[in-house]
Asks: 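I'd like to ask you about the structure that follows.
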Amino acid sequence: MEKVTDTVINVGVNDYDLTLFEGQYELEEGMAYNSYVILDDKVAVLDTVDSDVTDEWLKNLDEALGDRKPDYLVVHHMEPDHSGSIKVFLEKYPDTQIVSSAKAFEFMAQFDGTDADYADGNIVVTEGDTLELGSHTLNFVTATMVHWPEVLMSYEPSEKILFSADAFGKFGTRDADEDWTCEARRYYFNIVGKYGMQVQAVLKKAAALDIEIICPLHGPVLDKDLDYYIGIYDKWSSYEPEEPGIFIAHASIHGHTAEAAEYFKTLLEEAGVEKVAIADLDREDIHESVEDAFRYDRLVLAASSYDGGVFPPMEDFLRRLVHKGYKNRTIALIENGSWAPSAARTMKGIIEGMQNIELIDQVVTIKSAMSDDNKEQLKNLATKLVK
């Protein structure tokens, strides 16, 4: 439990044992599920937590409430990691009114597996609606498809707090000793990244608000350097590269393609590229690779041919980039094929589904191990990428 201000308390839970989020994202530092209480003439609880940590959350909630009971439960987002304790909460506090969007009330019945009308007797809100608590007022902002259709955010003007739902969240617990940007970037591009246009729309709304604190549903409360956090979200959601650099992603069957990728990395560094990152798609977290592909302005794909196509780890990686709206980058291709090279053709076919991609016309084709000619070709390709 952490105080945000004298009257706003984060009663969320750090889950240190969680190693896989949403069934696919690897966690090294667990996950934070945030939930907030506003203590005023009326008491509002803002969102619940995942059902795995309900008991700890209820203890935090009891401590924050003291001898008071909540008047309202505000549901900003209905993913189970935030709504998973609604039913238990209502059993304990049956007189609490739920405040949420019409679509969220539909989802409550769906997750409950009933035909119940959750909106009956509760409060349906949308863009511009308010909830008066006393000296605090929640002003609701619709955030449709950031990244679910029912999402609301709310702004509290007296303390200048934006309750931002999943936006500005990150992987890891609130007390994780790690840089915010890296895990927020991996979280954003893999979970929210497809919805850049919708994020841009919400950022335009946020620009009209005087925000001093951002309270997301994951990760730490942000109360310093907000221009940085809002600025980086603006850049990410506009699909512009975050910084100059080259990311090399390789998928190698027997190691020769990986050897060529490492050799190419050395050439780029010798040519003066300040930042060159590399990943083995066969072995490393693919979500980290998606993150790095979006981070830099240039991408190198090095892959083995396979069954007349491309080695599956590379195909999976490229399909993910297409799905997340990858665009506005320069891409170079290196392929390997001992008798019938097909990787470059297949990769080009997938890249055609991306927007505003500059594809370097030179493709380096390796047949098994690198030859001296291949090394010269890679030097020429490095020169083109540096330019």
Side-chain angles (χ1 to χ4, degrees), residues 189 239-253 255-282 284 286 288-306 309-322 324-337 341-387:
F189 283 114
Y239 299 95
E240 295 301 323
E242 184 179 335
E243 60 183 289
I246 298 174
F247 175 52
I248 303 171
H250 64 82
S252 182
I253 300 174
H256 297 108
T257 307
E259 182 181 355
E262 291 287 354
Y263 178 75
F264 193 58
K265 179 177 184 288
T266 300
L267 292 176
L268 291 169
E269 290 170 339
E270 290 175 348
V273 179
E274 186 171 339
K275 181 62 180 180
V276 184
I278 191 167
D280 181 348
L281 298 178
D282 304 346
E284 298 179 34
I286 195 165
E288 293 269 9
S289 295
V290 169
E291 169 199 343
D292 280 334
F294 277 98
R295 180 175 181 176
Y296 302 111
D297 62 335
R298 286 156 288 175
L299 173 65
V300 178
L301 304 170
S304 303
S305 302
Y306 190 84
V310 67
F311 196 37
M314 177 61 75
E315 182 170 4
D316 181 22
F317 173 62
L318 285 173
R319 299 288 183 197
R320 289 171 186 263
L321 292 185
V322 171
K324 298 302 179 183
Y326 192 73
K327 63 184 73 172
N328 305 327
R329 304 297 196 279
T330 297
I331 298 179
L333 302 179
I334 302 168
E335 69 172 351
N336 198 335
S342 57
R345 179 184 70 246
T346 305
M347 289 189 287
K348 284 180 180 179
I350 300 173
I351 291 167
E352 287 174 356
M354 302 175 183
Q355 297 178 16
N356 195 27
I357 296 295
E358 179 186 350
L359 186 61
I360 300 293
D361 56 3
Q362 179 190 354
V363 174
V364 176
T365 298
I366 299 165
K367 293 187 175 181
S368 303
M370 271 189 303
S371 66
D372 289 340
D373 284 345
N374 289 148
K375 292 181 179 180
E376 286 300 315
Q377 293 162 1
L378 289 171
K379 288 178 183 178
N380 291 335
L381 182 61
T383 299
K384 291 184 177 182
L385 269 179
V386 170
K387 287 182 179 179

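The first residue in the sequence is number 1, and the count goes up from there.
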Asks: Would you say that Tyr239 contacts Phe294 through its side chain, given a criterion of any heavy-atom pair below 4.5 Å between the two side chains?
Replies: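 In contact.
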
Asks: How close do Gly337 and Pro341 get, heavy atom to heavy atom, and via which atoms?
Replies: O-CG, 3.6 Å

Asks: Please find the pair of heavy atoms, one from Ala277 and one from Tyr296, that lie closest to each other, and give the distance.
Replies: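 Nearest heavy atoms, Ala277 then Tyr296: CB-CE1, 4.0 Å.
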
Asks: Can you tell me how far apart OG1 (Thr330) and NZ (Lys387) are? Round to the nearest 0.5 Å.
Replies: 14.5 Å

Asks: Is the backbone of Ala303 close enough, under 3.5 Å, to the side chain of Asn336 for a donor and an acceptor to pair up by distance?
Replies: no

Asks: Determine yes or no for a side-chain-to-main-chain donor-acceptor pair under 3.5 angstrom, with Arg329 supplying the side chain and Lys327 the backbone.
Replies: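 Looks like yes, one N/O pair under 3.5 Å.
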
Asks: First locate atom CD of Glu288, then atom CZ of Arg295, and finally report the distance between them rounded to the nearest 0.5 Å.
Replies: 10.5 Å

Asks: Quick one: are His250 and Ile334 in side-chain contact, heavy atoms under 4.5 Å?
Replies: no

Asks: Can you confirm whether Lys367 is buried at NZ, in the sense that more than 12 heavy atoms of other residues, nucleotides or ligands lie under 6.0 Å from that atom?
Replies: no

Asks: Just to verify, what does Glu274 make a side-chain contact (heavy atoms from CB on, under 4.5 Å) with, not counting sequence neighbours?
Replies: none

Asks: What are the two closest non-hydrogen atoms of Leu385 and Ala332, and how far apart are they?
Replies: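 Shortest heavy-atom contact: CD1-CB, 4.1 Å.
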
Asks: Begin with the C-alpha distance, continue with both residues' side-chain angles, and end with the deciding distance and a verdict on side-chain contact (heavy atoms from CB on, under 4.5 Å) for Tyr326 and Ile357.
Replies: CA-CA 9 Å; Tyr326 192 73; Ile357 296 295; 4.2 Å; yes

Asks: Sequence neighbours excluded and cut-off under 3.5 Å, please list the side-chain donor-acceptor pairs for residues 342-352, or say none.
Replies:
{"from": "Ser342", "atom 1": "OG", "to": "Gly309", "atom 2": "N", "distance (Å)": "3.2"}
{"from": "Ser342", "atom 1": "OG", "to": "Gly309", "atom 2": "O", "distance (Å)": "2.7"}
{"from": "Arg345", "atom 1": "NH2", "to": "Gly308", "atom 2": "O", "distance (Å)": "3.1"}
{"from": "Thr346", "atom 1": "OG1", "to": "Ser342", "atom 2": "O", "distance (Å)": "2.9"}

Asks: Is there a side-chain contact between Ile360 and Leu333 (heavy atoms, below 4.5 Å)?
Replies: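 Counting from C-beta outward, Ile360 and Leu333 never come under 4.5 Å.
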
Asks: Looking at Phe189, does the NZ or CZ of Lys324 lie under 6.0 angstrom from its six-membered ring centre and within 45 degrees of the ring axis?
Replies: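 Verdict for Phe189: no cation-pi partner in Lys324.
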
Asks: For residues 265-272, run the donor-acceptor check on the side chains, cut-off 3.5 Å, and write out each pair with its distance to 0.1 Å, sequence neighbours left out.
Replies:
{"from": "Lys265", "atom 1": "NZ", "to": "Glu269", "atom 2": "OE2", "distance (Å)": "2.6"}
{"from": "Thr266", "atom 1": "OG1", "to": "Glu262", "atom 2": "O", "distance (Å)": "3.3"}

Asks: Please round to the nearest 0.5 Å and tell me the distance separating atom NZ of Lys379 and atom NZ of Lys375.
Replies: 8.5 Å

Asks: Do you know which two heavy atoms are closest between Met314 and Ala302, and how far apart they sit?
Replies: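 So the two residues come closest at CE-O, 3.6 Å.
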
Asks: Just wondering, are more than 12 heavy atoms of other shown residues or ligands nearer than 6.0 Å to CD in Gln355?
Replies: no

Asks: Between Pro313 and Ile286, what is the shortest heavy-atom contact and its length?
Replies: O-CD1, 4.4 Å

Asks: Could you check whether atom OH of Tyr306 has more than 12 heavy atoms from other residues, nucleotides or ligands sitting under 6.0 Å from it?
Replies: no

Asks: Rounded to the nearest 0.5 Å, what's the gap from CZ on Arg298 to CD1 on Ile331? Could you check?
Replies: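 Interatomic distance, Arg298 CZ to Ile331 CD1, rounded to 0.5 Å: 13.0 Å.
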
Asks: Kindly compute the distance separating CG (Leu359) from CG (Leu299), expressed to the nearest 0.5 Å.
Replies: 10.0 Å

Asks: Taking atom CG of Asp282 and atom OG1 of Thr257, what is their separation to the nearest 0.5 Å?
Replies: 9.0 Å

Asks: Over all heavy atoms of both residues, which pair between Ala260 and Ile366 is shortest? Give the atoms and the distance, please.
Replies: CB-CD1, 3.4 Å

Asks: Do Glu284 side-chain atoms and Asp280 backbone N/O form a donor-acceptor pair below 3.5 Å?
Replies: yes

Asks: Can Gln377 and Asn374 be counted as having a side-chain donor-acceptor contact under 3.5 angstrom?
Replies: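 Indeed, the side chains of Gln377 and Asn374 share at least one donor-acceptor pair under 3.5 Å.
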
